[in-house]
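A short worksheet on the structure shown next.
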There are 2 protein chains.
Amino acid sequence: MAEDRPRTRIQEKNRAAILEAALDVFSQSGFRGSTLDQIAKAAGLSKPNVLYYFPSKEAIHQALLAELMDVWLEPLRAFTDEGDPIGAILDYVCRKLHMSRKMPRESRLFANEVLQGAPRYGPQITGMLKDLVDEKAAIIRRWSDAGKIAPLDPYHLIFSIWATTQHYADFDVQVRGILHPKDDAHYDDAETFLTAFYRRALNPANTEG
Amino acid sequence: MAEDRPRTRIQEKNRAAILEAALDVFSQSGFRGSTLDQIAKAAGLSKPNVLYYFPSKEAIHQALLAELMDVWLEPLRAFTDEGDPIGAILDYVCRKLHMSRKMPRESRLFANEVLQGAPRYGPQITGMLKDLVDEKAAIIRRWSDAGKIAPLDPYHLIFSIWATTQHYADFDVQVRGILHPKDDAHYDDAETFLTAFYRRALNPANTEG
DNA sequence: ATTATGTTGGACCAAATGGTTGAATCCCGG
DNA sequence: CCGGGATTCAACCATTTGGTCCAACATAAT
């Protein structure tokens, strides 16, 4: 059940190298589209050596997902009802966008997994994620009930934040194909857009026209 | 180069059955995760028979993508500068959402393709898609320049529409895991949310607070 | 009926792939 | 420097998979 932590320096280094390589490969080709040879090569190890550190391809994927789950959900966990409601939501938007910018592979890893029906981590994701989302949605609902933000469905608001921010990582080639940005420049524009966009939509003084 | 249209009734029927089956399989498992056996079985044919109608797995995928491209881009093509600007944008949002609802497999097919770097259709998508988006973005820019809608980057606005609407198809399991909707019920809520959301964000009389 | 053409799938093949074996090599504590 | 555990990988294995062959079968025109 519980993962034994690596003992030696070598184990630590190689486990890390394998997970790093696997993140590259899995995020680019999905689980079934990735091969142990690709991962081994990317990690600079032989295939049997990779399987010396992990019992199977499946296990590598599992370990990756488990290891990244916490960091992936951190922005949502950090979302609290302290301070300015709109500021808190904008902050969450910016954090999520920042994660897409700095961790696009992780975004695509999860996107691949969910796209294909979350066959490997579905229950866990759905279970703990649902609880977390329920909790944060309740906060948002209180804000809109109190008139501090516009009256919008909190669940769909959260979905919209996930969608708009992760889009820049998951559909990277499409975004780049259309904008032809220099490196990451378009992320700054995205932040400007999303900030203005959510500010307008959430401002309780605004109307639907 | 040009695809010969099927000649006989049998060809038409079997080609259609294969493409339908392939849509099921590819959209669920991605290109590399799908096998000819799965497609053949889903189509009710033998594997050699499938390859009698299409020269390769690659060709099936190609044909699917090509066949669906038009219908997939139809809502964006239908987006014109006639009538009420905000109405036109909301209309586009609703059409896209409707497509996610009624054609989730198609959405996931394209999502899979783009997620993995659009290795098979990248150039075409990017080329014609970019032109189309440039054209529609220009329309939106004119509107915001004229003060008819809020001043927001038109490209990122379009991305946000793609992201928020396709999210319901592409991340279906996650959405369902969190909302536990009866069938498609949550799509109605999504439409309510997105309509109000975009109305508020686009209303030029509104401020960012 | 006969012939030519279109359709079908069982058997097969070569390559790719997840995983195993075992012997060689490295590394560290004593 | 020695011994035993940790590490490494060439060779190998079984299965899967994209694709081919070919003989049988259906169909339609003459």
Side-chain angles (χ1 to χ4, degrees), chain A residues 3-65 109 112-113 116 119-121, chain B residues 3-65 109 112-113 116 119-121:
Chain A
E3 278 291 304
D4 293 9
R5 287 295 89 198
R7 320 259 153 93
T8 73
R9 237 157 287 128
I10 287 181
Q11 277 192 27
E12 194 155 351
K13 180 170 66 76
N14 282 348
R15 259 189 73 103
I18 291 168
L19 289 176
E20 164 68 22
L23 176 56
D24 252 23
V25 176
F26 282 141
S27 70
Q28 220 255 325
S29 309
F31 181 77
R32 293 221 36 201
S34 305
T35 71
L36 281 173
D37 281 310
Q38 287 173 54
I39 295 171
K41 192 176 175 187
L45 300 170
S46 67
K47 185 169 60 169
N49 205 5
V50 168
L51 289 168
Y52 172 73
Y53 291 101
F54 291 90
S56 68
K57 179 182 167 185
E58 188 80 34
I60 300 174
H61 194 260
Q62 207 89 352
L64 242 195
L65 233 37
L109 182 79
N112 260 307
E113 175 70 8
Q116 320 216 333
R120 271 166 265 286
Y121 237 64
Chain B
E3 277 292 304
D4 294 7
R5 288 293 90 199
R7 319 258 152 95
T8 73
R9 236 157 287 127
I10 286 181
Q11 277 192 25
E12 195 155 351
K13 179 169 66 74
N14 281 348
R15 260 189 74 102
I18 291 169
L19 289 176
E20 164 68 21
L23 177 57
D24 252 23
V25 175
F26 282 140
S27 70
Q28 219 255 326
S29 308
F31 181 78
R32 294 223 34 203
S34 305
T35 71
L36 281 173
D37 281 310
Q38 287 172 54
I39 295 171
K41 192 176 175 187
L45 300 170
S46 66
K47 185 168 61 169
N49 206 5
V50 167
L51 289 168
Y52 172 74
Y53 290 101
F54 291 90
S56 67
K57 179 183 168 184
E58 189 80 34
I60 300 174
H61 193 260
Q62 206 90 350
L64 241 196
L65 233 37
L109 182 80
N112 260 307
E113 175 70 6
Q116 320 216 332
R120 270 164 266 286
Y121 237 64

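The chains referred to below are lettered A, B, ... by the order of the sequence lines, with proteins before strands, and numbering in each begins at 1.
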Whole-Å gap separating P (C:dG18) and CG (A:D37):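 Taking atom P of C:dG18 as the reference, CG of A:D37 is at 7 Å.
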
Check every atom of C:dT17, D:dA11, C:dG10 against the side chain of A:P48 and return the nucleotide holding the closest atom.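 Output: D:dA11.
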
[X] vs [N]: side-chain N/O to OP1/OP2 distance below 4.0 Å:
X: A:N14; N: D:dA6; answer: no
X: A:Y52; N: D:dT8; answer: no
X: A:R32; N: D:dT17; answer: yes
X: B:Y53; N: C:dT8; answer: yes
X: B:Q11; N: C:dT7; answer: yes
X: B:N49; N: C:dT7; answer: no

Quick one: label B:L51 by what it contacts on the DNA or RNA (base, sugar-phosphate, nothing), any heavy atom closer than 4.0 Å.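 Base: the residue B:L51, judged by heavy atoms under 4.0 Å, touches a nucleobase.
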
Hey, which of B:L36, B:L51, B:T35 is the one that makes side chain to side chain contact (heavy atoms under 4.5 Å, CB included) with B:K57?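 When B:L36, B:L51, B:T35 are each tested with B:K57, the side chain to side chain contact (heavy atoms under 4.5 Å, CB included) holds only for B:L36.
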
Using a 3.5 Å distance criterion without hydrogens, assess whether the side chain of B:E113 forms a donor-acceptor pair with backbone atoms of B:Y121.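 At least one qualifying donor-acceptor pair exists.
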
For A:S46 and B:P55, take the nucleotide of DNA chain D holding the closest heavy atom to each; which residue's nucleotide lies nearer the 5' end?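 Final value for this comparison: A:S46.
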
